[in-house]
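First comes the structure, then the notes that go with it.
Just so you know, residue 1 is the first one in the sequence shown, and it goes up from there. Side chains are part of it too, since the values below use all heavy atoms of this structure and drop only hydrogens, waters and symmetry mates. Predicted, not measured: the structure shown is a model, and the values here were computed from it.
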Amino acid sequence: MKYYVVADPHGFYDELILSLREKGFFEDEEPHRLIVCGDALDRGRQAREMTDFLISLAQKDQLIYVRGNHEDLFIQCMLDISGKGVYSIASGGSHHYHNGTWDTMLQLSGMSEEEALQSPQEMLRAVMRSPYYRILLPKCVDYYETAKHVFCHGWIPTADYEYSPRWREATFGEWQTARWSNGMAMACKLGVTEPGKTIVCGHYHTSYGHARISHMGSEWGDDAVFSPFCAEGIIALDACTAYSGTVNCIVIRDEELA
């Protein structure tokens with residue numbers, strides 16, 4: 001099977017489509033799928049376009065959607081709106097506000113912030129009616145595995161930052177923690193990799209690996225490098241699209257597991 005793999009498009013639909021087009025995704029006549037290694041929404045302004053596109057691929061069995069920490073934040077934001085109240089979210093001091101989850105809620109609901117503040121329960125109902133919540137989010141998986149690769153968001157679950165051969169049996173809570181991991185640090189500094197396979201991940205900006213591990217460019221300066229970071233046992237993809245304006249895409253041929 002041929003896989004086109006991206007991570008962290010964060011609602012930047014145009015940038016995702018440009019990257020896929022440059023790799024030949026839309027002209028490819030071979031059987032192929034898109035793997036999204038988490039964080040499909042938040043920060044960008046095209047949540048609806050991103051949702052519609054990914055659903056269209058899912059309907060053709062061309063999508064593998066790996067759950068990221070922002071998928072978890074989406075659910076937590078809905079719970080917090082019901083519990084803590086909408087003003088605590090929209091005030092600007094909430095992590096939901098800074099991470100873009102609140103804005104995603106507004107985009108998916110089709111409501112203005114003023115309307116949402118006046119009718120938070122109606123906003124929640126609108127979000128729950130959205131194709132993202134009803135159709136796309138339930139398709140998320142914690143990881144996807146092929147013969148030679150493991151695809152996840154942050155990293156695979158560990159046992160106190162050491163490799164655990166039982167990571168495939170991890171609980172949902174353990175996966176939640178792993179989704180926040182810096183895969184480049186886990187692989188290159190702590191030596192946590194999957195024997196015989198390469199882990200493809202997102203979540204953490206690749207300029208970290210280029211700057212701090214490969215000593216190429218700075219992490220955030222004009223010379224920062226946001227291309228895919230590759231080392232023994234890892235390919236990291238998060239281009240920090242909101243900052244760099246690009247979405248990394250790689251193409252992998254690998255055998256599906258039985």
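Contact annotation: the side chain of Lys23 never approaches that of Asp28 to less than 4.5 Å [non-hydrogen atoms, C-beta and beyond]. Contact annotation: the side chain of Met123 approaches that of Leu106 to within less than 4.5 Å [non-hydrogen atoms, C-beta and beyond].
Distance check, rounded to the nearest 0.5 Å: CG of Asp39 to NE2 of His153 gives 3.5 Å. Leu41 CG to Asp8 CG: the interatomic distance, rounded to the nearest 0.5 Å, is 11.5 Å. If you take NE2 on His32 and CZ on Phe26, they are separated by 8.5 Å, rounding to the nearest 0.5 Å. Taking CD1 from Ile199 and SG from Cys152, the interatomic distance works out to 5.5 Å, rounded to the nearest 0.5 Å. Rounding to the nearest 0.5 angstrom, the gap separating the CG atom in Leu16 from the CG atom in Leu20 is 4.5 Å. Between the NZ atom of Lys148 and the CD1 atom of Ile252 there is a distance of 11.0 Å, given to the nearest 0.5 Å.
Across all their heavy atoms, Ile89 and Asp80 have their closest contact at CD1-CB, 3.6 Å. Between Cys140 and Arg67 the shortest heavy-atom distance is CB-CB, 3.9 Å. The two residues Ala147 and Lys197 have their closest heavy-atom pair at O-CE, 3.1 Å. Here the closest heavy-atom approach between residue Thr206 and residue Pro228 is recorded as CG2-CA, 4.5 Å. Heavy-atom minimum distance, Arg43 versus Ala242: CD-CB, 4.4 Å. The two residues Trp167 and Pro157 come nearest to each other via the heavy atoms CB-O, 3.5 Å.
Among residues two or more places apart in sequence or in another chain, the side-chain contact (heavy atoms from CB on, under 4.5 Å) test is passed with Ala159 by Ser164.
Enclosure of atom OH in Tyr161 is not indicated, since only 12 or fewer non-hydrogen atoms of other residues, nucleotides or ligands lie within 6.0 angstrom. Surrounding OH of Tyr133 are at most 12 heavy atoms belonging to other residues, nucleotides or ligands under 6.0 Å away. Other residues, nucleotides and ligands place no more than 12 heavy atoms under 6.0 Å from the CD atom of Glu114. Summarising the local packing, NZ of Lys2 is surrounded by more than 12 heavy atoms from other residues, nucleotides or ligands at distances under 6.0 Å. The number of heavy atoms from other shown groups lying within 6.0 Å of CD (Glu30) is above 12. In Glu162, the CD atom is not crowded: 12 or fewer heavy atoms of neighbouring residues, nucleotides or ligands sit closer than 6.0 Å.
Thr51 places a side-chain N or O within donor-acceptor distance of the main-chain N or O of Ala47, the cut-off being under 3.5 Å. Side-chain N or O atoms of Ser119 include none that pairs as donor or acceptor with a backbone N or O of Ala116 at under 3.5 Å. Remark: side-chain polar atoms of His10 are paired, donor with acceptor, to backbone N or O of Asp42 under 3.5 angstrom. A distance-only check finds no donor-acceptor pair linking the side chain of Glu49 to the backbone of Tyr13 [under 3.5 Å]. Not one N or O on the side chain of Trp102 forms a donor-acceptor pair closer than 3.5 Å with the backbone of Ser94. Side chain of Arg134 to main chain of Arg129: a donor-acceptor pair is present (N/O by atom type, distance under 3.5 Å, no hydrogens or angles). A donor-acceptor pair is defined here as one N or O able to donate and one able to accept, closer than 3.5 Å; no such pair exists between the side chain of Glu169 and the backbone of Arg166. Between the side chain of Gln46 and the backbone N or O of Asp14, at least one donor-acceptor pair lies under 3.5 Å. With His205 contributing its side chain and Ala239 its backbone, the two residues share no donor-acceptor pair below 3.5 Å. For Ser19 (side chain) and Val247 (main-chain N/O), a donor-acceptor pair under 3.5 Å exists by modelled atom type.
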For this session: Could you please spell out the steps behind the side-chain contact (heavy atoms from CB on, under 4.5 Å) verdict for Met128 and Met78?
Result: CA-CA 9 Å; Met128 293 178 70; Met78 295 181 69; 3.4 Å; yes
For this session: Output, in order, the C-alpha distance, side-chain angles, deciding distance and verdict of side-chain contact (heavy atoms from CB on, under 4.5 Å) for Asp103 and Arg45.
Result: CA-CA 8 Å; Asp103 186 61; Arg45 294 292 306 160; 2.5 Å; yes
For this session: Assess whether side-chain contact (heavy atoms from CB on, under 4.5 Å) is satisfied between Phe25 and Val6, documenting all intermediate values.
Result: CA-CA 12 Å; Phe25 179 85; Val6 301; over 6 Å; no
Problem set entry | Step-by-step side-chain contact (heavy atoms from CB on, under 4.5 Å) determination, Leu63 to Leu136 | CA-CA 10 Å; Leu63 176 70; Leu136 192 57; 3.8 Å; yes
For this session: Evaluate side chain to side chain donor-acceptor pair (under 3.5 Å) for Gln76 paired with His96, printing each intermediate quantity in order.
Result: CA-CA 9 Å; Gln76 188 59 54; His96 293 307; 5.5 Å; no
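Both Ile156 and Leu190 are part of a single hydrophobic cluster, where members link through side-chain heavy atoms under 4.5 Å apart. Under the 4.5 Å side-chain heavy-atom criterion for grouping Ile, Leu, Val, Met, Phe, Trp and Tyr, Val150 is connected to Met184 within one hydrophobic cluster. By the rule that hydrophobic residues join a cluster once side-chain heavy atoms approach within less than 4.5 Å of another member, Ile35 and Met50 end up as members of separate clusters. Both Ile81 and Tyr132 are assigned to one and the same hydrophobic cluster, defined by single-linkage of ILVMFWY side chains at heavy-atom distances under 4.5 Å. Residues Phe12 and Phe53 do not share a hydrophobic cluster, clusters being chains of Ile/Leu/Val/Met/Phe/Trp/Tyr side chains in contact below 4.5 Å.
Relative ring orientation between His203 and Trp180 is described as perpendicular, the plane-to-plane angle rising above 60° on a 0-90° scale split at 30° and 60°. Below 30°, between 30° and 60°, or above 60°: for Tyr243 and Phe226 the angle between ring planes is between 30° and 60°, a tilted geometry. Under the 30°/60° scheme for interplanar angles, the aromatic rings of Phe151 and His149 are found to lie parallel.
The residues Arg179 and Glu71 are annotated as not salt-bridged, no charged nitrogen and carboxylate oxygen being separated by less than 4.0 angstrom. Under 4.0 Å is where a charged nitrogen must lie from a carboxylate oxygen, and between Arg33 and Asp61 at least one such pair does.
Here the options are Thr146, Val251, Leu34, the test is side chain to side chain contact (heavy atoms under 4.5 Å, CB included), and the partner is Tyr3; only Thr146 passes. Evaluated for a side chain to side chain contact (heavy atoms under 4.5 Å, CB included) with Val127, the options Met105, Glu122, Met111, Gln107 yield exactly one hit, Met105.
A cation-pi arrangement, defined by a distance under 6.0 Å to the six-membered ring centre and an angle within 45 degrees of its axis, is absent between Arg21 and Tyr4.
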